[in-house]
Amino acid sequence: MIPIFSWILVYLLVFGFPPSITAQCRVPCRVSAFTPFLPSGVTIEKTYEVPGGSGLNGSYGEGAPLDLGHPTNATNLPHLCAVTVRVSLPNASSSYRFGLFLPPNCTWNSRFLTVGNYAQAGGINWADMGQGPHYGMATLSTDTGHNSVESDLSWGLNNPQALQDWGWRALKGSVEIGKALVEGYYGRRISYSYWSGCSTGGRQGLKQVQVAPDAFDGVLVGAPAWDTQHLFPWITRLAALNRPGTAGFLDNAGIELLRGAVQRQCVLERTEATRGRVADPFDGCALDWSRIRCPGDDPAQCLTDAQVSTAMSVYADYHSNATTGGRATFPGMPLGSEALWGPFLVGGPQVEFNEAYERYWLYNNASWSLADYDEGRVVADSERINPGNATADDFNVSRFRDGGGKILMYHGRADGIVPTGSSQAYYDRTVEAMGEVDDFFRLFHVPGMYHCWYTDTTVNAPWIMGGAGQAVRLQKDLNFGQGWSVPGFEGNGTYDALVALMDWVESKGAKPVEKVIATTYDGTRLKQRPLCKWPAKAQYKGAGDVYKADSWSCV
Ligand SMILES: *[C@@H]1O[C@H](CO)[C@@H](O)[C@H](O)[C@H]1NC(C)=O
Ligand SMILES: *[C@@H]1O[C@H](CO)[C@@H](O)[C@H](O)[C@H]1NC(C)=O
Ligand SMILES: *[C@@H]1O[C@H](CO)[C@@H](O)[C@H](O)[C@H]1NC(C)=O
Ligand SMILES: *[C@@H]1O[C@H](CO)[C@@H](O)[C@H](O)[C@H]1NC(C)=O
Ligand SMILES: *[C@@H]1O[C@H](CO)[C@@H](O)[C@H](O)[C@H]1NC(C)=O
Ligand SMILES: *[C@@H]1O[C@H](CO)[C@@H](O)[C@H](O)[C@H]1NC(C)=O
Ligand SMILES: *[C@@H]1O[C@H](CO)[C@@H](O)[C@H](O)[C@H]1NC(C)=O
Ligand SMILES: *[C@@H]1O[C@H](CO)[C@@H](O)[C@H](O)[C@H]1NC(C)=O
Ligand SMILES: *[C@@H]1O[C@H](CO)[C@@H](O)[C@H](O)[C@H]1NC(C)=O
């Protein structure tokens, strides 16, 4: 103890203080450091020098009520300058704020990272921004032009300009202005620009690839809610399908019963039979409904015919008569996703969420309710109006590809918020629009993962891989890890998808992402398995520890 401490003292006396606090490394964290680079309509609202470290020293954020969408602070930050920028463009009826985390000049690696938001949240996502500076990246997040919690859509009422800002415009402007401020501040160019976002964050990344192909060199896109114009009508349709008081109503207890039955049939019984040698127990699991339908395995614990029929409709792809060409309007929920069904199917504040899209975004009519729901009309109107032009369905992204851009997309196979099929549809339609895409666009399914993070404890599938928001969830919910990257494998591209994406981009395509090893902890035991590039799947080699990644190959 004492000798180590003495050596640190000797080091400090001989070599001076660590780089983060030496004079040549310090970049002034003052408004005046940005003034020369401010375009018109742009002001610096605040600068704050974060000392870095544990506790409050390394904590930064705005909290509620200033930041309702992302009130959580980033934690464990290294030394950096936090900046809040306000953009007001009355000529374009657009206004928004964005935040920057700027590491000291001597640790900035010339890379730029922008992180996404969730659902309809308005606010700077400081927590997820915390990831970037650990890699040495200058990092940005936009508030998308409004301040609200994730489930709120009411700010869109009679406010088409705010919807455009949320849909794509605030992010496009934030990245353009943010890049100029970063380059001015450091006095050198950004070498590479990246995106990391999940859910709405995934949509935001894809949308920028379409509207601003030069914004990013690489985008890490998780479970993208890209098809806004169909996702919202599908959510309303789930609420209409599962009305309280009807025979087929599935309440939380009914959903939990279904979840248990699916876990039992697909995971426990199959896993037992195969001794954990199946990567995705839900893949190809033929549910035996007769064991769930009353009287079922247990007459005291079963679903009625009407409830089974509701459940089957939830799993099935949704075909509205308004969507032409035989395409599904929206894919159904995958097996294993049941634990996440509550918000869209059952009561509580989410009932309002289920009507809110039509009420506040589509029809601008605060009296609209489920009683006014006409399935075919809602879908047709949503396709016609596409509020905020938020849907990212301009599949020909040849300008992005030709500029060297890369897309790494991942999606949990047990996602009950944005069904996995939605990413598959995005991938397939890009192939339809562009032909071969493997040189710049790769899709990775994550067996057993829910929406963006976590897994059912029965499956306990590896899911931690540097995806957007994952490290923050681990830190916040489980007090585990450092708030960035994969705990124990920080910054290693074999395990961290963002680093793998950087290697792919910066090798000019010479080191494409073939697989990413995902991690989880079974109690205290490390469990790892490769995530394979679609359509390959992880297959057990026939020998070796099922918890070790090299016991599996991508086939
Ligand atoms: C925060 O920084 C101060 C000044 O360097 C230091 O005295 C204190 O111990 C730090 N707190 C924590 C929790 O690291
Ligand atoms: C969040 O960070 C700010 C700025 O460092 C600090 O004032 C505030 O106390 C932090 N909030 C929490 C909950 O840690
Ligand atoms: C609005 O003004 C800004 C700043 O002066 C300018 O960059 C932008 O092009 C203008 N936008 C429109 C739509 O006129
Ligand atoms: C940052 O470091 C680079 C050299 O890496 C130097 O050219 C530049 O002037 C420095 N910028 C500032 C603001 O000190
Ligand atoms: C708004 O919705 C209510 C309830 O359906 C309806 O009675 C009313 O006519 C609608 N208002 C407008 C302006 O469409
Ligand atoms: C679809 O069904 C709705 C009723 O829900 C009907 O009003 C509409 O005309 C139908 N649209 C088409 C294209 O058939
Ligand atoms: C809407 O967004 C798409 C890209 O997704 C873009 O091609 C189109 O020009 C935008 N439309 C308008 C009216 O801004
Ligand atoms: C895709 O867009 C590019 C221009 O951005 C165009 O040259 C090309 O023809 C388009 N490809 C298809 C299949 O439409
Ligand atoms: C990443 O992990 C792999 C496998 O554990 C190891 O071989 C490699 O050296 C690590 N790479 C870095 C940059 O640490």
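Remember, it's 1-based here, ligands and their atoms both numbered in the order they're listed.
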Where ligand 4 meets Y185 - atom numbers and elements under 4.0 angstrom, heavy-atom basis: 13 (C)
Return the residue, atom name and 0.1 Å-rounded distance of the protein heavy atom closest to [atom].
atom: atom 4 (C) of ligand 7; answer: K207 NZ, 3.5 Å
atom: atom 5 (O) of ligand 5; answer: D372 OD1, 2.7 Å
atom: atom 7 (O) of ligand 7; answer: D394 OD2, 2.9 Å
atom: atom 6 (C) of ligand 5; answer: N365 ND2, 4.1 Å

Exercise check, heavy-atom protein proximity under 4.0 Å to atom 14 (O) of ligand 5: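 So far as the 4.0 Å threshold goes, atom 14 (O) of ligand 5 is in reach of a protein heavy atom.
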Per-atom contact, atom 11 (N) of ligand 7, protein heavy atoms, under 4.0 angstrom: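 Given the 4.0 Å limit, the answer for atom 11 (N) of ligand 7 is yes, a protein heavy atom qualifies.
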Salt-bridge present (R401, D439; N to O < 4.0 Å):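 So R401 does not pair with D439 through a salt bridge.
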Proximal atoms of ligand 7 relative to V211 (non-hydrogen, under 4.0 Å):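 Near V211, the atoms of ligand 7 are 4 (C).
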V513 to R442 - nearest heavy-atom pair and separation: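 That would be O-NH1, 2.9 Å.
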Lys NZ or Arg CZ of R97 over W126 ring: under 6.0 Å, within 45°: no
Geometric class of the Y186/W108 ring pair [parallel <30°, tilted 30-60°, perpendicular >60°]: parallel
Exercise: do T310 and N242 side chains pair donor with acceptor under 3.5 Å: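 Short answer, no.
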Pick from V397, N389, V209: the one approaching atom 2 (O) of ligand 7 most closely through a non-hydrogen atom: N389
Whether W108 lies under 4.0 Å from ligand 4, heavy atom: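 Judged by the 4.0 Å heavy-atom criterion, W108 does not count as contacting ligand 4.
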Straight-line distance of H146 NE2 to D165 CG, nearest 0.5 Å: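 That separation rounds to 10.0 Å.
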Option passing ring pair (Phe, Tyr, Trp, His ring centres under 6.0 Å) with Y427 (candidates W534, Y410, F395):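 Among W534, Y410, F395, the one that satisfies the ring pair (Phe, Tyr, Trp, His ring centres under 6.0 Å) with Y427 is W534.
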